[in-house]
Amino acid sequence: MLIDEYDPLKNKRLQILDENGNVNSELEPKIEKKDLIEIYKYMVLSRIADEKAFALQREGRIGTYPPLKGHEAVQIGSAFAMNKNDWLFPVYRDMGAMLVMGVPLDLIFLYWMGNENGCRFPEGTNVFPIAIPVGSQISLGMGFSWASKLKKEKAVTLISFGDGATSAIDFHDGLNFAGVFKTPTVFLCINNQWAISVPRTKQSASKTLAQKAIGYGFNGIQVDGNDILAVYAVTKEAVDRANKGDGPTLIEAVTYRMGDHTTADDASRYRSEKEIDEWRGKDPIARFKSYLGSKQIWNKNFEKETRKEAEDLVDEAVKKAEAEPPPDIEDFFKYTYAEMPWHIKEELEELKESLKE
Amino acid sequence: MLIDEYDPLKNKRLQILDENGNVNSELEPKIEKKDLIEIYKYMVLSRIADEKAFALQREGRIGTYPPLKGHEAVQIGSAFAMNKNDWLFPVYRDMGAMLVMGVPLDLIFLYWMGNENGCRFPEGTNVFPIAIPVGSQISLGMGFSWASKLKKEKAVTLISFGDGATSAIDFHDGLNFAGVFKTPTVFLCINNQWAISVPRTKQSASKTLAQKAIGYGFNGIQVDGNDILAVYAVTKEAVDRANKGDGPTLIEAVTYRMGDHTTADDASRYRSEKEIDEWRGKDPIARFKSYLGSKQIWNKNFEKETRKEAEDLVDEAVKKAEAEPPPDIEDFFKYTYAEMPWHIKEELEELKESLKE
Amino acid sequence: MAVHNIIESVNLALKEEMKRDDRVIVLGEDVGVNGGVFRATIGLLEEFGDNRVIDTPLSENGIVAGALGMAVNGLRPVAEIQFMGFVYYILNHIICHAARLRNRTRGRITAPLVIRVPYGAGIRAPEHHSESTEALFTQIPGIKVVVPSTPKDTKGLLTSAIRDPDTVIFLEPKRIYRAIKEDIPEEEYTIPLGKARMVKEGKDITVICWGAMVRVVETVSEEAEKENIDIEIIDLRTLSPLDKDTIITSVEKTGRALVVHEAPKTCGLGAEIVALINEKALLSLNAPVLRVTGQDIAVPLAKGEDYYIPSVDRILQGLKKIINF
Amino acid sequence: MAVHNIIESVNLALKEEMKRDDRVIVLGEDVGVNGGVFRATIGLLEEFGDNRVIDTPLSENGIVAGALGMAVNGLRPVAEIQFMGFVYYILNHIICHAARLRNRTRGRITAPLVIRVPYGAGIRAPEHHSESTEALFTQIPGIKVVVPSTPKDTKGLLTSAIRDPDTVIFLEPKRIYRAIKEDIPEEEYTIPLGKARMVKEGKDITVICWGAMVRVVETVSEEAEKENIDIEIIDLRTLSPLDKDTIITSVEKTGRALVVHEAPKTCGLGAEIVALINEKALLSLNAPVLRVTGQDIAVPLAKGEDYYIPSVDRILQGLKKIINF
Ligand SMILES: Cc1ncc(C[n+]2csc(CCOP(=O)(O)OP(=O)(O)O)c2C)c(N)n1
Ligand SMILES: Cc1ncc(C[n+]2csc(CCOP(=O)(O)OP(=O)(O)O)c2C)c(N)n1
Ligand SMILES: [Mg+2]
Ligand SMILES: [Mg+2]
């Protein structure tokens with residue numbers, strides 16, 4: 001069992017596919033070819049959609065947006081390891097994972113364009129809406145998974161969050177309650193080294209974030225977050241354990257935020273080009289690509305087709321999102337309560353009246 | 001160094017004076033005879049004052065009161081290990097520690113009688129007022145000690161709290177910030193097995209509470225909280241480390257709440273007589289008494305005198321507290337702001353008018 | 001029918017709803033083995049087991065986040081916060097999520113959740129055990145705030161709260177938990193949220209109050225009668241959303257109004273009620289609408305508590321100011 | 001004199017106070033190396049070092065608890081909370097401790113602490129970045145709440161806040177951080193807390209507002225003038241405690257009043273202002289005091305924001321309702 005063996009206190013970090021494309025074949029997860037292809041497609045789609053979102057923001061076509069570049073392995077790898085009934089409580093930067101879980105890309109764009117309709121995922125999509133207050137999804141997701149257990153449903157909740165979020169009060173509550181009630185939860189900490197301008201080392205004096213699990217009575221494991229095989233394998237194991245009733249796991253995926261914190265940020269104010277360059281060499285997509293190459297799956301043509309397909313999907317999604325009419329004014333009012341109370345009705349009327357004039 | 005050696009993950013718990021009065025002479029702290037006597041006096045005083053408070057509550061002479069019985073070693077031992085400039089951020093049950101730190105007993109009674117004047121400690125008393133929201137003193141005390149560091153003052157802050165408080169959000173913030181900023185703080189968790197009716201095991205799945213420190217990047221140590229020599233030795237070491245700039249320590253003192261949670265509680269609803277009996281055999285005062293016996297300090301006469309002295313102090317304090325006139329009405333109003341704003345003045349006038357009629 | 005007090009009515013409502021609907025879960029500090037520090041949940045653990053009556057770790061933020069996650073996942077949690085003074089820990093999840101999930105997801109995800117909180121002064125408790133900070137909640141769009149004042153209302157309102165599709169903060173006037181006994185129906189019943197109770201009709205002045213203040217105002221009414229002042233008493237029952245119609249109709253009739261609450265005056269719910277009356281019924285007013293409330297200070301400890309809680313004398317004084325305006 | 005906008009004025013006040021008093025410490029998320037997400041603290045780290053300008057872990061509860069502990073220990077911390085939507089995390093320490101330490105210890109321990117929070121909508125930000133929940137704070141006895149609306153006021157009010165012996169919540173109208181430039185004195189100066197600013201005298205109606213709404217009301221005033229309505233504009237500056245005298249004197253003169261704020265209407269500060277006017281100046285009123293405010297809904301995302309923020313049209317509509325009453 002990876003999770004028992006890779007003790008963060010012993011400085012162990014799980015890696016299966018290294019920076020140079022070497023595979024630890026003992027640990028190599030068995031993934032069917034069609035899934036390997038799917039995974040790669042999602043990685044490429046995520047990156048292209050991400051670049052598009054960034055570009056759209058610069059053109060004033062969407063609002064503030066948090067780029068995911070660098071997170072492709074951790075997002076796609078973890079989401080792929082989940083089962084049909086499982087739920088994702090994502091962090092705002094999680095577009096890739098959300099896509100794998102079935103959130104339509106046009107809705108994601110719509111949301112970042114500032115339209116609440118982008119947050120009404122289709123029925124059957126097991127994804128919680130993005131929670132902006134950092135870390136607040138951790139305790140909420142814990143409660144959600146607790147309910148699965150109480151209802152005796154076989155469903156795991158995967159909650160993702162950043163290194164900064166480990167300082168949040170909801171991290172403490174989420175993990176403490178999960179430990180006590182042995183909830184079927186996977187806590188996925190995406191340690192991308194930065195919380196806006198605050199480096200990981202100033203977020204906590206803990207040597208690893210994985211070891212924080214020790215204070216809550218369950219296992220933590222550190223994994224190379226740019227190695228999609230490792231992320232996939234460890235998430236799968238954590239999901240299986242949760243499903244078997246063995247309780248929660250904390251996974252710390254060590255990765256890097258290649259872009260600015262959001263489109264409103266300028267990371268050059270607080271970190272060096274050198275650091276970014278170093279991480280460029282660990283690119284998760286390039287690494288997986290070389291793995292697919294060694295499996296005779298990847299070739300130039302495959303790449304071209306994959307990119308083309310992704311670009312088309314992205315263009316289509318942008319078109320769809322931009323074609324969406326502005327929300328109906330009543331929509332801002334009518335979902336506050338199940339039934340609209342008198343005072344909100346009055347306020348809506350007052351607004352309508354003012355717009356008439 | 002005790003704190004490095006007694007690794008809670010290795011199931012180590014520091015004990016120097018065992019249940020049968022045997023001393024581990026290698027670890028025995030050097031305490032002067034006059035201090036040994038002082039310590040014993042405070043232990044006895046605490047217990048007698050505690051019994052008195054309980055009795056007064058039953059007679060309706062004070063309000064809800066949280067008995068400290070069983071906590072004498074951890075309270076007196078830790079407070080005795082502190083230096084003149086150090087500050088205590090106490091938990092509500094900390095009467096013993098507060099007495100050692102110089103809070104007059106009559107003020108403590110006055111406070112529990114429901115008079116805010118009992119919370120105005122004399123100038124120079126390095127004790128923060130009792131914080132009722134469980135755990136909130138932890139992050140506050142962290143901030144206080146952080147300031148000591150920023151001001152380059154040699155002063156340590158000792159913060160005490162219960163096992164239940166480790167679940168509080170302020171525990172997380174207090175310890176995380178302390179780790180990051182290497183504040184001169186001693187976190188003293190008084191694990192008395194219960195948080196009202198919730199047993200320690202349901203508070204956290206963590207095997208020990210001491211090991212929670214690992215997630216914050218500093219040391220935690222478990223100590224027998226009924227062994228005053230161990231509590232004293234480990235607190236002293238933690239205080240010294242903090243003073244030297246080595247940062248915070250988490251001490252988990254394992255003890256037992258012998259009485260009800262408060263005078264409003266009935267512990268027989270949720271715990272067994274058998275459990276209480278077991279702990280009766282580990283009584284911290286009896287144990288220290290036998291130690292003093294072995295040192296030729298304790299004898300029957302000494303006991304009689306000590307008790308008499310304590311009883312007199314308690315009687316005097318009760319008299320003084322009960323002789324205190326009721327607070328001036330204006331006192332409830334005038335400390336809200338540095339200067340009383342118009343609306344509070346109006347409200348005070350309105351009240352006075354209504355009392356005239 | 002059987003005679004019960006308020007705390008027993010809480011217990012009865014919980015028991016009935018748990019029997020009726022196995023999605024209903026009770027959680028909080030000491031709610032299980034101990035039956036709650038006020039015994040509101042006594043007997044529930046024995047009857048429903050520890051999968052439905054859950055003692056939690058000591059964190060109000062965790063309790064409410066956990067309950068909210070459960071609600072999102074199809075359960076109907078009823079969380080207990082031990083005292084109003086510890087309710088500030090839950091504001092983040094209430095404001096940021098419970099109150100907004102329905103809107104955020106345009107109706108897809110909802111938060112049918114009840115949070116029970118004993119509130120108010122008058123029992124000589126330690127600091128932070130006596131607060132009435134309901135206006136922190138009444139200003140949050142998307143949640144409801146309910147306060148019963150009698151055993152019968154308690155059972156009916158709590159039942160409605162548990163069945164309500166929105167998050168409900170259910171504030172219990174702990175000072176009168178055991179002070180009033182009343183015959184209440186054995187069978188289940190609901191009392192609609194959003195509707196005030198006309199406690200007593202009268203013609204001279206409308207007094208609007210809730211919770212433990214209702215009884216005090218009833219005493220005031222008796223006193224006032226001696227001086228030929230005929231009070232109409234409205235017990236709001238639901239503080240958010242307000243029952244505008246009952247308030248305005250009454251004030252239009254009496255032409256005078258007084259609000260009585262335990263919370264500090266400034267920005268308390270009383271202010272909203274005065275503003276509402278001013279907006280909807282200014283021309284009916286013969287005098288300013290006044291407020292007799294707790295003062296803008298920390299609730300004093302035991303020795304000062306009685307200065308803080310609106311007393312019969314202070315309320316009478318307020319009444320007379322209005323009448324003699 | 002030099003021309004500065006509001007965000008620069010914040011920076012200037014911090015810099016001056018840090019120079020003047022080495023007990024003044026700045027802390028918060030990203031306030032150091034990054035100079036704050038709005039650049040309010042830019043240059044401070046370089047000038048004062050990392051013992052006085054401190055990047056903290058990501059926890060608002062921790063930041064405020066830490067700052068409060070520092071204040072108790074003799075420092076003068078100025079904490080930054082990045083957005084008003086993350087301010088609910090700090091309520092517990094503000095309500096339970098900052099607001100009460102002086103009273104709890106009968107004057108022995110105090111909490112001279114400033115918490116800066118950018119607030120309000122209008123910059124097309126994500127959810128939780130646009131809130132105006134000042135009434136959560138104005139209802140807490142023991143703290144002060146201050147909102148500037150011009151660069152000059154910003155510097156003077158922030159300086160006063162830092163020197164104030166009580167805890168001050170300093171809310172910054174981020175929508176106009178860079179919208180107004182003004183000549184402001186190079187030297188230090190203070191503007192007293194608790195005193196409103198008379199923006200414009202007028203005879204027909206008093207409009208009470210603060211923060212980013214002041215500019216909108218100024219535009220309304222110009223529009224209204226065209227229809228011969230002469231508005232008196234009061235910028236509150238301090239929301240708690242209120243400047244009763246300025247408000248009441250003005251309403252006694254004009255006989256009409258309107259409150260404009262961005263927060264939701266119900267239980268917003270507007271309610272308290274209406275209640276105050278009703279209590280102190282009822283007989284002067286020729287019409288109800290109305291409120292034009294954000295609605296009782298979550299602040300919409302970018303596409304709906306403009307429906308939420310009181311617009312010139314909505315304010316004019318409110319004005320006319322009062323004038324034509
Ligand atoms: C409670 C809260 N405080 C502050 C913010 C502003 N903020 C947004 S993201 C962020 C940093 C988060 O860092 P991390 O958790 O590491 O996630 P990352 O952005 O690196 O993916 C901050 C401070 C927020 N959204 N919520
Ligand atoms: C935030 C908060 N929640 C609930 C309470 C009610 N309460 C008072 S003491 C207590 C249990 C505390 O247990 P622990 O921390 O172990 O300390 P002990 O009483 O055992 O000394 C509870 C739940 C409180 N005071 N504060
Ligand atoms: Mg990060
Ligand atoms: Mg305990």
Side-chain angles (χ1 to χ4, degrees), chain B residues 62-66 92 110-119 129-135 162-169 171 195-199 202-204 261-262 264-267 269-271 326-327 329 331-336 341 343-344 346-348 350-351 353-355 357, chain C residues 28-39 42 50 54-63 82-83 85-86 88-89 92 123-129 264-266 290 292-308 310-318 320-321:
Chain B
I62 71 170
T64 308
Y65 169 80
Y92 41 80
L110 195 62
Y111 175 74
W112 294 114
M113 284 170 183
N115 185 328
E116 285 84 352
N117 287 325
C119 226
I130 285 172
I132 299 280
V134 166
D163 44 311
T166 61
S167 297
I169 61 171
F171 174 85
I196 308 186
S197 74
V198 178
K202 285 193 176 174
Q203 200 61 244
S204 175
H261 170 68
T262 66
D265 177 51
D266 171 10
R269 294 181 57 82
Y270 52 79
R271 64 185 195 181
I329 293 183
D331 282 358
F332 296 109
F333 292 78
K334 77 177 179 208
Y335 296 105
T336 305
H343 64 289
I344 299 186
E346 262 191 28
E347 290 167 357
L348 173 58
E350 187 229 309
L351 172 63
E353 197 186 315
S354 81
L355 294 172
E357 282 167 19
Chain C
E29 296 155 14
D30 307 293
V31 298
V33 183
N34 200 30
V37 289
F38 287 106
R39 308 288 175 255
I42 205 159
D50 63 4
I54 307 176
D55 277 326
T56 66
L58 205 166
S59 173
E60 287 73 15
N61 180 66
I63 292 167
Q82 269 179 5
F83 289 93
F86 312 133
Y88 316 122
Y89 291 101
N92 191 62
I123 65 162
R124 306 282 182 262
E127 202 188 346
H128 303 288
H129 288 65
K265 183 175 182 186
T266 300
L290 297 187
V292 174
T293 66
Q295 300 94 355
D296 287 299
I297 59 175
V299 186
L301 298 183
K303 305 245 183 236
E305 221 176 8
D306 290 340
Y307 297 130
Y308 175 84
S311 63
V312 171
D313 285 342
R314 274 176 62 208
I315 299 171
L316 273 172
Q317 175 177 300
K320 286 184 195 158
K321 266 189 206 147

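Every chain is numbered from 1 and lettered A, B, ... according to where its sequence line falls, protein lines coming before strand lines.
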* With side chains defined as the heavy atoms from C-beta onward, is the minimum distance between B:Tyr335 and C:Ile297 less than 4.5 Å? -> no
* Asked: Which bit of B:Ile344 is near chain C, if near means a heavy-atom gap under 4.5 Å: side chain, backbone, both or neither?
  -> side chain
* To do: Just give me the residue among C:Glu305, C:His128, C:Arg124, C:Glu60 that pairs up with chain B most often, heavy atom to heavy atom, under 4.5 Å.
  => C:His128
* Looking at side-chain heavy atoms only, is the closest gap between B:Glu347 and C:Lys265 below 4.5 Å? -> yes
* Asked: Considering all heavy atoms of both residues, which atom of C:Pro57 and which atom of B:Ser167 are nearest to each other, and what is their separation?
  -> CB-OG, 3.5 Å
* For B:Tyr270, all residues meeting side-chain hydrogen bond (donor to acceptor under 3.5 Å, both in side chains), sequence neighbours excluded -> B:Arg257, B:Asp265
* Asked: Judged by atom type as modelled, is there a donor-acceptor pair below 3.5 Å linking the side chain of B:Gln203 to the main-chain atoms of C:Leu58?
  -> yes
* Asked: From C:Leu301 CG over to B:Glu116 CD, what is the distance, rounded to the nearest 0.5 angstrom?
  -> 3.5 Å
* Asked: Less than 4.5 Å apart, any side-chain heavy atom of C:Glu29 and any of B:Val134?
  -> no
* Structure fact -> In terms of heavy-atom pairs under 4.5 Å with chain C, the winner among B:Thr64, B:Ile329, B:Thr166, B:Asp266 is B:Ile329
* Proximal component of C:Tyr307, with respect to chain B [non-hydrogen, under 4.5 Å] -> both
* C:Thr56 portion near chain B, given a 4.5 angstrom heavy-atom threshold -> backbone
* Does the side chain of C:His129 come within less than 4.5 Å of B:Ile132's, by heavy atoms? -> yes
* Nearest-0.5 Å distance, CG of residue B:Asp331 to NZ of residue C:Lys303 -> 14.0 Å
* Asked: Is it the side chain or the backbone of B:Ser197 that comes within 4.5 Å of chain C heavy atoms, both, or neither?
  -> both
* CZ of C:Arg314 to CG of B:Leu351: how many Å apart, nearest 0.5 Å? -> 6.0 Å
* Structure fact -> Rounded to the nearest 0.5 angstrom, the CD-NZ distance for B:Glu350 and C:Lys321 is 5.5 Å
* To do: Calculate, to the nearest 0.5 Å, the distance between atoms NE2 and CG belonging to B:His261 and C:Asn34 respectively.
  => 10.0 Å
* By a 4.5 Å heavy-atom criterion (distance strictly below it), what part of C:Pro300 contacts chain B: side chain, backbone, both, or neither? -> both
* **Set of residues satisfying ring pair (Phe, Tyr, Trp, His ring centres under 6.0 Å) with respect to B:Tyr111, sequence neighbours excluded** => none
* To do: With a 4.5 angstrom heavy-atom cut-off, could you sort out which part of C:Asn61 is near chain B: side chain, backbone, both or neither?
  => side chain
* Which atoms of C:Tyr88 approach chain B - backbone, side chain, both or neither, heavy atom under 4.5 Å -> neither
* Measuring heavy-atom distances to chain B, does C:Ile123 have an atom under 4.5 Å in its side chain, in its backbone, in both, or in neither? -> neither
* Euclidean distance, C:Asp296 CG relative to B:Glu346 CD, rounded to 0.5 Å -> 10.5 Å
* Structure fact -> Pair count under 4.5 Å, heavy atoms only, with chain C: among B:Gly63, B:Pro133, B:Gly164, highest is B:Pro133
